[in-house]
Protein chains: 2
Amino acid sequence: MIGIVLVDDHPVVRAGLRALIDGQADLSVVGEADGLDAALAVVTSEGPDVVLMDLSLGTGKAGGAAVTAALRALPAPPEVLVLTTYDTESDILRALEAGARGYLLKDAPPDELFAGIRATARGETVLSPSVAATLVRRTTPGATTITEREVEVLELLSRGLGNKEMARELFVSEATVKSHLSHIYTKLGVDTRAGAVAAAIERRIIRT
Amino acid sequence: MIGIVLVDDHPVVRAGLRALIDGQADLSVVGEADGLDAALAVVTSEGPDVVLMDLSLGTGKAGGAAVTAALRALPAPPEVLVLTTYDTESDILRALEAGARGYLLKDAPPDELFAGIRATARGETVLSPSVAATLVRRTTPGATTITEREVEVLELLSRGLGNKEMARELFVSEATVKSHLSHIYTKLGVDTRAGAVAAAIERRIIRT
DNA sequence: CCCGGCATCAGCCAATTGGCCATCGCGGAG
DNA sequence: CTCCGCGATGGCCAATTGGCTGATGCCGGG
């Protein structure tokens, strides 16, 4: 019997997962949590085999990646299977770096979900096809390696600042800002600031 | 007994709603659908009292607002209660205009959900507190009434097009595009294209 | 019937942007 | 030790953008 803890701040989603999972003979939900603290408490007390983790915990709160890291830091850490709505870049990486075993999309059919849970319990890595594809795309070519500084520029950009203002904000010259922007354009495959903002938001490089 | 049909493309969410609702003596889920066609089919065959509608149906597909409109156009239309993750502007309006009775957030506690369903079945209007607040905010001041045409411009803008390209795309002159942009800037409270894209995405006027 | 909002278009002008090229210091990988 | 990537900078120049004023046609509400 595989013991599972659900971490998601949506009661509806928790109920859905519980209903689906409890229909499986070899799976059992042993606890639920809606945030970081509750997750730590229930995981330490129940010692589940697998934690199903929603990445987009609430708005602005400690993200699923942070909770994942916290859980993996426990003495006998559970395997973590991330379950989320989006399949866009940076979240995936952060979650996997935080120690998640796998990554499934919420709109995955139940069968895929069950298989993923069992595989995770066995210590295998599970990735949604589209997620895997994204990862491959990401590591294969020039790899969209937006540097930290470039992210800063993108954030200011999304606030509508001009080059001069960004320069002031970042304590660099306008030329430098332009340089960063040029790099951003090539990396994101766009050639305007507006396009860069949209691309950055879409790939979750920045959030709104 | 109130008959309910669930329209949501996430199996997990459907299962969750079904599990929660079936725990209520006076509520019963009589059907599920994951898209426009299925929704029309199951609603005509089951004649539910209330339809629980997810607004963000899939990516790019016919949105929940469209499905709502289609359902309300049926001979004996069911009451529609929109259930969604976000409480940001434009979606709400579109759904209500499409004939939805009310609007609840997915992270609402189950009790609120049940109460909402019963109220909707009685023909009452239900709005999540935050949604109601948003509506008030929206109608009170200058009201961010982005016109349809302006949304088109914003979409092209987010794809990084220049004024000239947008003009070609929209079959108007460059001057017209600039005019639309100026209006957009004042309405969104920004003064650059990049800022406009970010603001538009944040308020869910456009999606990525 | 008039007014306001929407969409359309025009011209002017200053400021900003984006492309391109070249340089420099620094720290890590080979 | 050398090469490479990142961050920072300078300059040049054409194209684009954004602000402003003003005007027209159409439609719907008061």
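Proteins get letters first, then strands, A, B, ... in listed order; numbering begins at 1 in each. Only a predicted model underlies this, so the values are computations on that prediction, with no experimental measurement involved.
The structure places OG of S173(B) at 12.0 Å from NZ of K164(B), a figure rounded to the nearest 0.5 Å. Between atom CG of residue D26(B) and atom CD1 of residue I2(B) there is a gap of 5.5 Å, rounded to the nearest 0.5 Å.
When all heavy atoms are compared, the tightest approach of R149(A) to V172(A) is NH2-CG1, 3.3 Å.
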List, with names and distances, any nitrogen or oxygen atoms from the protein found under 3.5 Å away from nitrogen or oxygen atoms belonging to nucleotides 7-12 of chain D.
residue, atom, partner, partner atom, Å
dG7(D), OP1, T147(A), OG1, 3.1
dG7(D), OP2, T147(A), OG1, 2.6
dA8(D), OP1, R149(A), NE, 3.2
dA8(D), OP1, R149(A), NH2, 2.7
dA8(D), OP2, R149(A), NE, 2.8
dA8(D), OP2, H180(A), NE2, 2.8
dT9(D), OP2, S173(A), N, 2.6
dT9(D), OP2, T176(A), OG1, 2.9
dG10(D), OP2, S173(A), OG, 3.4

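Between E152(B) atom CD and dA7(C) atom C1' there is a gap of 11 Å when expressed in whole angstrom units. Across the protein-nucleic acid pair, E165(B) atom CD and dT17(D) atom P stand 8 Å apart, rounded to whole Å. Separating the CG atom of L181(B) from the P atom of dT17(D) is a distance of 9 Å, rounded to the nearest angstrom. Protein atom CG of D191(B) is 21 Å distant from nucleotide atom P of dT16(D), rounded to whole Å. Here dT16(C) presents its P atom at 15 Å from OH of Y185(A), a figure rounded to the nearest Å. The distance from atom CD1 of I184(A) to atom C1' of dC6(D) is 13 Å, rounded to the nearest whole Å. Counting to the nearest Å, the P atom of dT17(C) and the NZ atom of K164(B) are 18 Å from each other.
When atom types are taken as modelled, the side chain of E155(B) and the backbone of E152(B) share no donor-acceptor pair closer than 3.5 angstrom. The main-chain N or O of D8(A) is never found under 3.5 Å from a side-chain atom of D34(A) such that the two would form a donor-acceptor pair.
For the OP1/OP2 pair of dT16(C) and a distance below 4.0 Å, the side-chain nitrogens and oxygens of N163(A) include no atom meeting the criterion.
Remark: R101(A) does not engage E124(A) in a salt bridge, criterion side-chain N to carboxylate O under 4.0 Å.
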